[in-house]
Amino acid sequence: MGVFASTDDPSSTGHEQVVFCQDKQTGLKAIIGIYSTALGPALGGTRFYPYASEEAALADVLDLSRGMAYKNALAGLDHGGGKAVIWGDPEQIKSEPLLRAYGRFVESLNGRYYTACDVGTYVADMDVVARESRFVTGRSVEHGGAGDSSVLTAWGVFQGMRAAAEQVWGTPALKGRRVGIAGLGKVGKHLTGHLIEDGAEVVATDVSAKALAWTRATYPQVELVDDTAALVASDIDVYSPCALGGALDDDTVPVLRAKVIAGAANNQLAHPGIEKVLADRGILYAPDYVVNAGGVIQVADEVQGFNFERAKLRATKIYDTTREILRLADQEGVPPAAAADRLAERRMADVGRLRTIHLR
Ligand SMILES: NC(=O)c1ccc[n+]([C@@H]2O[C@H](COP(=O)([O-])OP(=O)(O)OC[C@H]3O[C@@H](n4cnc5c(N)ncnc54)[C@H](O)[C@@H]3O)[C@@H](O)[C@H]2O)c1
């Protein structure tokens, strides 16, 4: 077992700390990335994934932990940004001892990093990790956790979409708008409900027959189309990517008929230049990490003892934050993601600076 805090050249990535964890007996190989604790303990999930190499795992954790710092800052949380990756195939190596070994590494950071679920880890896994560490959130309801975070993720996306609609059409109401949802999974299903309640028309697609059957039975008024290509080329006002990352690519953006994009999927921009293409086509993109923060808001609330109404109130504020970002982008003539980054950096600097007022 060993913990290595990398301080070789922290300026190259801007991270405060990167911790390599290994436990040979259980097969655990993990990397915890702490980008910033300026706003409080770093918070972000644990991704369990069979990376091709240690370099690929490291690159992912550095990238993801930095992203969490910006997401948490914009969500108004008292949390910095962190993330962890466990390198390996969860189907093959996930076990109680491995998760508990990982939990001991999380505990050894003394609260500088709080973990939660991500790709390849589930609430039941967090319950196991929590047997070794106090710094675990995203646990099951039976273990004092908040449970499924997609409920507030969908609520937050809905709020962000309303703010974007207001910027484009002068009213946040989605009544009468045609909204295209790609991905009727946990988030997409809840989002469909909010949109229908608001009077929007929903057109959607999914690759899963089960998801389609559920939608047909629950919301027969939803129009289902064959695939995402058909969805984006159809006559929609709003496009909501709720499946995988990279949804806004060189094939999609040129044919997209929507005027607004607001969805739950992480890392929707396939490459940085694509935002310029969106702007040139007059399409307003509400940054994914702003509008999909409802999930992290939910797990952050759990740290204090989960209160759904309090967390929902905070997720509702995604409307105000999105509005402010879009207004700032307009004012300063920059893409919304650049405006969002500036706002996050300002909060990290202004609030983080207060730590120089020492309390003892
Ligand atoms: N659940 C959360 O709290 C949360 C929080 C932040 C971000 N996100 C992101 O939002 C997205 C959706 O999350 P989720 O929890 O609903 O996941 P999910 O796995 O429950 O749902 C994803 C859905 O997308 C469908 N899908 C996959 N490929 C597709 C394709 N090519 N075309 C159409 N549909 C396709 C799947 O069949 C599935 O139904 C993910 O990118 C996730 O990372 C989720």
Side-chain angles (χ1 to χ4, degrees), residues 43-49 60 63-64 67-68 70-72 74-75 77 81 83 116-123 126 137-139 145-161 180-194 202-216 218-219 222 224-234 239-249 251-252 261-270 286-302 306 308 311-312 314-315 318:
L43 168 65
T46 301
R47 184 162 294 191
F48 204 144
Y49 190 76
D60 207 26
D63 201 33
L64 293 166
M68 286 309 298
Y70 282 75
K71 185 187 278 201
N72 293 346
L74 289 169
L77 300 175
K83 199 95 180 185
C117 303
D118 193 66
V119 174
T121 56
Y122 302 89
V123 286
M126 289 307 123
T137 177
R139 293 160 300 154
D148 179 9
S149 64
S150 63
V151 175
L152 288 186
T153 300
W155 180 245
V157 170
F158 177 58
Q159 297 304 330
M161 195 183 285
I181 302 180
L184 291 161
K186 295 187 289 295
V187 178
K189 284 173 183 169
H190 291 300
L191 181 61
T192 300
H194 298 314
V202 177
V203 45
T205 189
D206 199 294
V207 289
S208 149
K210 210 168 139 196
L212 294 174
W214 184 92
T215 308
R216 248 183 232 112
T218 317
Y219 299 113
V222 171
L224 295 170
V225 295
D226 285 350
D227 53 28
T228 304
L231 182 77
V232 295
S234 70
Y239 176 41
S240 186
C242 290
L244 309 174
L248 305 174
D249 58 19
D251 295 329
T252 305
I261 300 170
N266 283 310
N267 304 326
Q268 288 169 30
L269 301 172
D288 46 24
Y289 59 96
V290 178
V291 304
N292 75 10
V296 77
I297 288 173
Q298 178 162 330
V299 296
D301 194 89
E302 184 182 319
F306 187 56
F308 181 78
K312 185 173 178 188
R314 180 159 261 163
I318 289 175

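Whatever order the structure lists them in is the order used to number ligands and atoms, beginning at 1.
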Legend entry - D301/R314 ion pair, N-O < 4.0 Å: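 Looking at R314 together with D301, the answer is no, because their closest N to O distance does not fall below 4.0 Å.
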Legend entry - Short N-O contact, K186 and D148, less than 4.0 angstrom: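 No.
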Provide, to 0.1 Å, the distance between [atom] and the closest protein heavy atom, together with that atom's residue and name.
{"atom": "atom 43 (O) of ligand 1", "result": "N266 ND2, 3.2 Å"}
{"atom": "atom 11 (C) of ligand 1", "result": "A243 O, 3.4 Å"}
{"atom": "atom 22 (C) of ligand 1", "result": "C242 O, 3.9 Å"}
{"atom": "atom 1 (N) of ligand 1", "result": "V187 CG2, 3.6 Å"}
{"atom": "atom 28 (N) of ligand 1", "result": "V207 CG2, 3.7 Å"}
{"atom": "atom 18 (P) of ligand 1", "result": "K186 NZ, 3.8 Å"}
{"atom": "atom 6 (C) of ligand 1", "result": "N292 O, 3.6 Å"}
{"atom": "atom 21 (O) of ligand 1", "result": "G185 CA, 3.2 Å"}

Inset, instruction - With sequence neighbours left out, write down each residue that passes side-chain hydrogen bond (donor to acceptor under 3.5 Å, both in side chains) with T46, or none if nothing qualifies. - result: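 Counting only residues at least two positions away or on another chain, T46 forms a side-chain hydrogen bond (donor to acceptor under 3.5 Å, both in side chains) with Y102, T115.
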Inset, instruction - Report yes or no: does E302 contribute a side-chain atom to a donor-acceptor pair with the main-chain N or O of A146 at less than 3.5 Å? - result: yes
[options]: member with heavy atom nearest to [atom]:
{"atom": "atom 8 (N) of ligand 1", "options": "A264, G263, G45, A182", "value": "A264"}
{"atom": "atom 2 (C) of ligand 1", "options": "D148, V299, T153, T228", "value": "T153"}
{"atom": "atom 37 (O) of ligand 1", "options": "D118, D206, L191, L152", "value": "D206"}

Inset, instruction - Indicate the atoms forming the closest heavy-atom contact of I318 with V290, along with that distance. - result: CG2-O, 3.7 Å
Inset, instruction - May I ask you to check whether over 12 heavy atoms, not counting those of Y219, lie within 6.0 Å of atom OH? - result: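 Counting other residues, nucleotides and ligands, OH of Y219 exceeds 12 neighbours.
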Inset, instruction - Report, in ascending order of atom number, the atoms of ligand 1 lying under 4.0 Å from any heavy atom of G183. - result: 24 (O), 34 (N)
Inset, instruction - Under 4.0 Å from a heavy atom of S149: give me the atoms of ligand 1 that qualify, with their elements. - result: 2 (C), 3 (O)
Inset, instruction - Would you check if K71 and V296 make a side-chain contact, meaning some heavy-atom pair closer than 4.5 Å? - result: yes
Legend entry - Side chain proximity check, L231 to Y239, heavy atoms < 4.5 angstrom: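 A side-chain contact under 4.5 Å exists here.
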